[in-house]
Amino acid sequence: NEDGAVLYNYSVQKQFDHRGRVYQIRHFWRVVSEDEFDKARLENPANFRPFAAECGDDRDAKTLLSDYAGDYEESIASMRETEAGRTKLSKLAAALQRRLEPIVHAAERIREERPQDLKLEGPGPAITAGGSEEVFTQGSASAAPPPPPPIPAAGAASSPVPPAKRYEGGGGGA
């Protein structure tokens, strides 16, 4: 629209090495139509603007695009100034607490039962769950793209293939 607002699909792709450790995370943004956005919102609300519905915000694509300028200006400080904003913040706090509660309890249980596991030297335990996550949301077409990945230091391996499986030899034989 004239404000520079677009609807986009944001997805994350994680790649794992042979030990189940994440060695690459790729982020993708793809502009979507109003119809595609609304279809995703209805078919899979869990992947649609995380926390929006829990905060009472179930706007369709057309409304989001028309409200973009006001949404862009909204901040936590400005929300604290109005009753509607404070209600929205309270709902967000409750939703965050609900979603994080199992993680907090698990961390407390680990701290009590296995304090030795909290002493990490080097990389921590691998988390092999995951894969690809997609979130449909709104944003600005003028937003800067993510920064490029860091350039490896001189002599550092730049291949995403685990060292044990990377071919570095010249001649034949093992």
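When all heavy atoms are compared, the tightest approach of Arg59 to Phe48 is O-CZ, 3.9 Å. Listed here is the closest heavy atom pair of Ala95 and Glu54: CB-OE2, 3.4 Å.
One finds the NZ atom of Lys62 at 12.0 Å from the CG atom of Leu7 (value rounded to the nearest 0.5 Å). How far CZ of Arg41 is from CG of Asp60: 5.5 Å, rounded to the nearest 0.5 Å. Ser33 OG to Lys39 NZ: the interatomic distance, rounded to the nearest 0.5 Å, is 10.0 Å.
Taking a 4.5 Å side-chain heavy-atom cut-off between Ile, Leu, Val, Met, Phe, Trp and Tyr, the cluster of Val104 contains only that residue. Grouped by direct or indirect side-chain proximity (heavy atoms under 4.5 Å, Ile/Leu/Val/Met/Phe/Trp/Tyr only), Leu92 sits with Phe51, Leu96.
The number of heavy-atom neighbours closer than 6.0 Å to CG of Leu42, taken from other residues, nucleotides and ligands shown, is above 12. In this structure, Glu108 places its CD atom where more than 12 heavy-atom neighbours from other residues, nucleotides or ligands lie under 6.0 Å away.
Between Lys14 and Phe16 there is a side-chain heavy-atom pair separated by less than 4.5 Å. Between Met79 and Glu74 the shortest side-chain heavy-atom distance falls below 4.5 Å. Side-chain contact between Glu36 and Asn9 is absent, with no heavy atoms from C-beta onward closer than 4.5 Å.
Under the 3.5 Å distance criterion, the side-chain polar atoms of Asp67 are left unmatched by any main-chain donor or acceptor of Asp71.
A salt bridge links Glu83 with Arg86: the distance from a Lys NZ or Arg NE/NH1/NH2 to an Asp or Glu carboxylate oxygen falls below 4.0 Å.
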